[in-house]
Amino acid sequence: MTADLLQSLTDPQREAVLHVDGPLLVLAGPGSGKTRVITHRIAHLLSQGVRPTQIAALTFTNKAADEMRSRLDRLAPGENVWIGTFHRFCARLLRQYAEYRGLQPNYTIYDTSDSLSLLKRTIRETDVQLTHATPEQVASAISWAKNHLIEADRYVGGVNATGSIVERVYPKYQAALQQANAVDFDDLLMHVTLLLKENEELRASLDERFRYILVDEYQDTNLPQYAIVRAMSIQYPNLGVTGDPDQSIYGWRGANLKNILEFESDFPAVKVVRLEQNYRSTPNILSVADALIANNKQRKKKSLFTDNPAGKAVRMIQYSTHKEEAQAIAARISAQVAQGKRRPRDYAIFYRINALSRTFEDAMRQQGVPYMIVSGVEFYHRKEIKDLLAYALLMNNPRDDVAFERIVNVPKRAIGKATLLKVRLHAATEGLSMLEAAREAGMIDGLGNRAAVALAKFVALFDRLSTKINDPVEEILGFVLSESEFKRQYEATDDVEDQTRLENIEELLSSAREYDTEHPHDGTLEHYLEEKTLVNETDDFDAEMDRVTLMTLHAAKGLEFPVVHIVALEQGLLPHERSRENPEQLEEERRLLFVGITRAEEELDLSMARYRDFRGKRNMTIPSPFLMELPRDEMEVTEEQTAFAPDFPLDESFFPEFPISGQRSLDLPRPALPSAVTNIRTAADLLGEREGDAQPRVEPNAFVQGMVVTHDEYGLGKIIALSGEGAKRTATVRFASGAGEKKFRLAYSPLRPANSSRS
DNA sequence: TCGGGGCAGATTTTT
DNA sequence: TCTGCCCCGA
């Protein structure tokens, strides 16, 4: 490692980078150059003669791993250091040592929805009454158990209803996974933990093999992750972790803050380095963040500082309505972009829950501001994609019952519920997989001839597909498409959604092609499928796109933007309703806001609305208690008075005890009001409803296929499909504006034929 | 077997 | 308001 590389570091950074042997804890505040430290440290280790294969760098997201790899590549080109997520690391080890855990190396990894469907089936087949618990609750209880390394046979339910259900279902669910040669996300970690725990020789050899382990975002590790890295750091305790307790926002996923808070007692000889200088934000932003987080008890005190210029004051704005909040923000962005001050990609809007994105989306569209929503429906979770991949998954692991059930009747093959029930019963009694049971369709009692033939046809199809298993992935998927007549179900209709599905399938094929090109020699179907399961949509977040970013506070971690808006700072939303009961969760909500605030480089706007329409109801809000914790005298506190008077009358008589206007309303003491948000309907609402849009503006039958129409919000579009009759007559319109395709019930929509437009 | 309508329920979600 | 699931009718 060259001297000038070291020169570019600050003293504490250099101290961490130069650390070679023994445990290392880097407490890195936001924007303190943490990734830089990790990559430089790896480069330094290599320069000291450590072999690249002896180093493993573990992250939580693929995005972080990619970032790290590309930065390391600039410092130490071509070095074969293992960098990747915990899950990928475990998946790889588990493939190698599958038989230790009763699995075959070609095991399938179930994502959340796959495991939930297996769980639901297990519940149906277990004689339990689910009157007091939802399958989701059972799933999260099992997940909780796995994150605490409690195996199925050791789970004790305790007194509550869910507990006793879980006690009975968990072992069966685990058996079903085993039978299907499959694991869920939590299993990846748990299996590897137990692997290390139960096989001392193996543990020792891995400890020796990975002499230098680096863990990023250590505050987010859960018990299995902690156990894994500890188990591999006994003979060679060169475990280097970086993290920030103040940025731990995944407690609900089992992350244990104690892992980082107690690192020093776990490894007494640890070297601790604090990175407290911030290179990202202005002092104004930092001091707001600092004042907020100081209210947490569970933390290590840190003093953040920066040499950056002061910058603008942080703004705290109270709008009257959620609409006004969104429109004011959109208008502001639009104006600044128009003046050439900034580009759309300089802005981000963060909210606590996805459901809030709609209002902002609408406002952006109205103002003509380009935006992108990060998250939403994930590509690989779309039905058509999961269906198609399920064929490949079943080819790779014929025991994968979830995949079998997903595709056995897709496209429709007249294999219905009743038939499957019999197959499943046969499979269970004979100890077979679903596919094996289907092979014996002729021998299953009570199965009609028609059903048996349909099953036999499916099995024959599957066997034909299986001959291609060693072909390039794109060819395999293409073969599946042509042989299974999978596409036909979407091609037959003129439904636009089917059109979109076909496009998604094309996209999947091109991703497969890409995979084939990247892995000309070492590509396998199994590896391709694993990659697809262990990625997620936010990994594709593209900062290069010149658009305003809309995302949840959780998704914002690790990112930075010149201008940040954090919206809906209201009691019940941030902190979220569900975190009310317990103080630890409240602290986590505070950290969430802290993470959001510290994403901002130059400008930060915090806002709330006095009224918010949510889930179809109009609510009066209560300011977030977090707002009371901020240093108001350093901030610019504003209350917008420009009400949307006509459609949003603010009638003080409804809430005499709660001042609606007036300078001091942001200074309200901590809410003494009942925590339930009040639901109000004004007379004007009711009036509006009555006079509203219930009448058709244009006779539904006046619309015809191909007609050019206009919509107040989305502009010009063309009718590309029509369906239904009378009040249900629905048009699908493709808009020119980039709003894409929308469906409208013609009797209620504001659509008008374009030529007859009159405002 | 299959599709539509009606109804409950609705954080966050690195993998 | 929006979505996903369950049940019923054909």
Side-chain angles (χ1 to χ4, degrees), chain A residues 58-65 84-91 109-117 120 134-137 139-140 143 146-147 183-189 216-217 219-222 224-225 247-255 350-359 374-378 380-381 383 409-420 448 450-451 454 530-539 541 551-558 568 572-580 585 588-589 591-593 595-596 612-618 723-724 728:
Chain A
L58 299 170
T59 66
F60 281 82
T61 64
N62 293 299
K63 189 172 67 184
T85 65
F86 266 103
H87 286 81
R88 230 175 250 277
F89 182 79
C90 290
I109 302 167
Y110 284 165
D111 68 19
T112 320
S113 67
D114 295 328
S115 28
L116 190 65
S117 68
K120 281 180 181 167
T134 62
E136 285 78 9
Q137 284 171 323
S140 87
S143 175
K146 289 182 176 181
N147 288 157
V183 302
D184 62 24
F185 283 146
D186 298 321
D187 281 341
L188 281 174
L189 304 175
D216 191 21
E217 307 279 14
Q219 77 280 354
D220 288 331
T221 49
N222 61 20
Q225 288 160 335
Q247 293 186 62
S248 162
I249 54 176
Y250 285 101
W252 50 277
R253 289 282 281 104
F350 303 152
Y351 33 78
R352 174 67 235 260
I353 59 172
N354 281 124
L356 295 177
S357 70
R358 260 297 283 279
T359 319
V374 177
S375 102
V377 190
E378 292 163 34
Y380 293 107
H381 290 181
K383 185 185 178 312
N409 200 31
V410 176
K412 299 263 171 302
R413 300 188 179 93
I415 300 172
K417 253 195 214 158
T419 307
L420 280 177
R450 228 174 51 182
E530 180 178 309
E531 278 211 338
K532 294 302 144 191
T533 312
L534 297 181
V535 297
N536 110 336
E537 192 89 343
T538 25
D539 294 337
F541 167 71
M551 58 168 77
T552 62
L553 285 160
H554 281 92
K557 194 161 92 163
L573 285 172
L574 185 67
H576 191 271
E577 193 84 48
R578 299 242 181 137
S579 61
R580 195 150 34 102
Q585 282 185 33
E588 181 152 316
E589 296 284 306
R591 291 194 292 267
L592 195 50
L593 180 55
V595 166
R612 179 172 303 278
D613 285 5
F614 188 52
R615 290 191 191 149
K617 295 217 157 73
R618 175 154 303 173
S723 61
K728 287 178 193 157

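Worth knowing before you read on, the calculation uses all heavy atoms, side chains too, and leaves out hydrogens, waters and symmetry mates.
- The side chain of A:N222 contributes no N or O atom lying less than 4.0 Å from OP1 or OP2 of B:dT14.
- Of the candidates B:dT15, B:dC2, B:dT13, the closest approach to any side-chain atom of A:F185 belongs to B:dT15.
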Using salt bridge (charged side-chain N to carboxylate O under 4.0 Å, His left out), reason through A:D184 and A:K146 one step at a time and then give a plain yes or no. CA-CA 10 Å; A:D184 62 24; A:K146 289 182 176 181; 2.7 Å; yes

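- For A:S579 and B:dT11, the shortest distance from a side-chain N or O to OP1 or OP2 is not below 4.0 Å.
- Between A:H554 and A:W252, the distance from one ring center to the other falls under 6.0 angstrom.
- Judged purely by atom type and a 3.5 angstrom limit, A:N409 uses its side chain to pair as donor or acceptor with the backbone of A:I415.
- Heavy atoms of A:T59 sit nowhere under 4.0 angstrom from any nucleic acid atom.
- Look at CZ on A:F60: it is 10 Å from C1' on B:dT15, rounded to the nearest Å.
- Distances from the side chain of A:L534 to the nucleotides B:dT14, B:dT15, B:dT12 place B:dT15 closest.
- Per the geometry, CD belonging to A:Q137 stands 8 Å off P belonging to B:dA10, to the nearest Å.
- For A:T419, the listed nucleotide lying nearest its side chain is B:dT1; candidates were B:dT12, B:dT1, B:dC2.
- Rounded to whole angstrom, the span from the CG atom of A:L574 across to the P atom of B:dT11 amounts to 15 Å.
- Dashed line: the shortest gap from a side-chain N or O of A:R591 to OP1 or OP2 of B:dT12 is not under 4.0 Å.
- Among the heavy atoms of the strands lying under 4.0 Å from A:R352 is at least one base atom, whether or not backbone atoms are also near.
- Annotation: of the two residues near DNA chain B, A:A451 and A:R578, the 5′-most nearest-nucleotide partner is A:A451.
- For A:T61, whose side chain is taken as the heavy atoms from C-beta onward, the closest listed nucleotide among B:dG3, B:dT11, B:dT15 is B:dT15.
- Out of B:dT12, B:dT14, B:dT11, the shortest distance to the side chain of A:Q585 is found at B:dT11.
- The base of B:dT15 lies close enough to the side chain of A:R253 for a donor and an acceptor atom to sit less than 3.5 Å apart.
- With hydrogens and angles ignored, the 3.5 Å screen pairs a side-chain donor or acceptor of A:N222 with a backbone N or O of A:Q225.
- A:R88 and A:N62 form a side-chain donor-acceptor contact under 3.5 Å, judged by distance and modelled atom types alone.
- Counting to the nearest Å, the P atom of B:dT11 and the CZ atom of A:R580 are 14 Å from each other.
- Between B:dG9 and A:T134, no contact under 4.0 Å exists linking OP1 or OP2 to a side-chain N or O.
- Using a 4.0 Å heavy-atom distance criterion, A:N409 is classed as a sugar-phosphate-only contact.
- Residue contacts for A:E589: at a heavy-atom cut-off of 4.0 Å it reaches a base atom on one of the strands shown.
- Taking only side-chain atoms of A:A418, from C-beta outward, the nucleotide of B:dT1, B:dA10, B:dC2 with the closest atom is B:dT1.
- Regarding A:L592, its CG atom lies at a distance of 10 Å from the C1' atom of B:dT11, rounded to whole Å.
- Every residue was checked against the ring pair (Phe, Tyr, Trp, His ring centres under 6.0 Å) condition with A:Y110, not counting sequence neighbours, and none meets it.
- Counting only heavy atoms from C-beta on, A:R615 has its side chain closest to B:dA10 among B:dT13, B:dT14, B:dA10.
- Side-chain contact between A:F60 and A:T221: present, with at least one pair of heavy atoms (C-beta onward) separated by less than 4.5 Å.
- Taking 4.0 Å as the cut-off between side-chain N and carboxylate O, A:D111 and A:K532 do not count as a salt-bridged pair.
- Here B:dT13 presents its P atom at 21 Å from CZ of A:F86, a figure rounded to the nearest Å.
- For B:dT11, the OP1/OP2 oxygens have no side-chain nitrogen or oxygen of A:N354 closer than 4.0 Å.
- Remark: ring of A:H87 does not overlap the six-membered base ring of B:dT15 in a stacked fashion, as centroids less than 5.5 Å apart with planes less than 30° apart are not both met.
- For DNA chain C, the contact window with chain A, defined by any atom under 4.0 Å from a protein heavy atom, covers C:dT1 to C:dC5 in 5' to 3' order.
- A straight line from CG of A:D220 to P of B:dT14 spans 12 Å, rounded to a whole angstrom.
- Judged by distance alone, with hydrogens and angles left aside, the side-chain atoms of A:E588 form a donor-acceptor pair with the main-chain N or O of A:G251 at under 3.5 Å.
- Checked against B:dT14, B:dT13, B:dT15, the side chain of A:T112 finds its nearest nucleotide in B:dT15.
- Within the nucleic acid shown, A:K417 comes within 4.0 Å of sugar-phosphate atoms alone, with no base atom in reach, counting heavy atoms only.
- Spacing between B:dT12 and C:dC5 at atom P, rounded to whole Å, works out to 16 Å.
- B:dT11 atom P lies 11 Å from atom CD of A:E136, rounded to whole Å.
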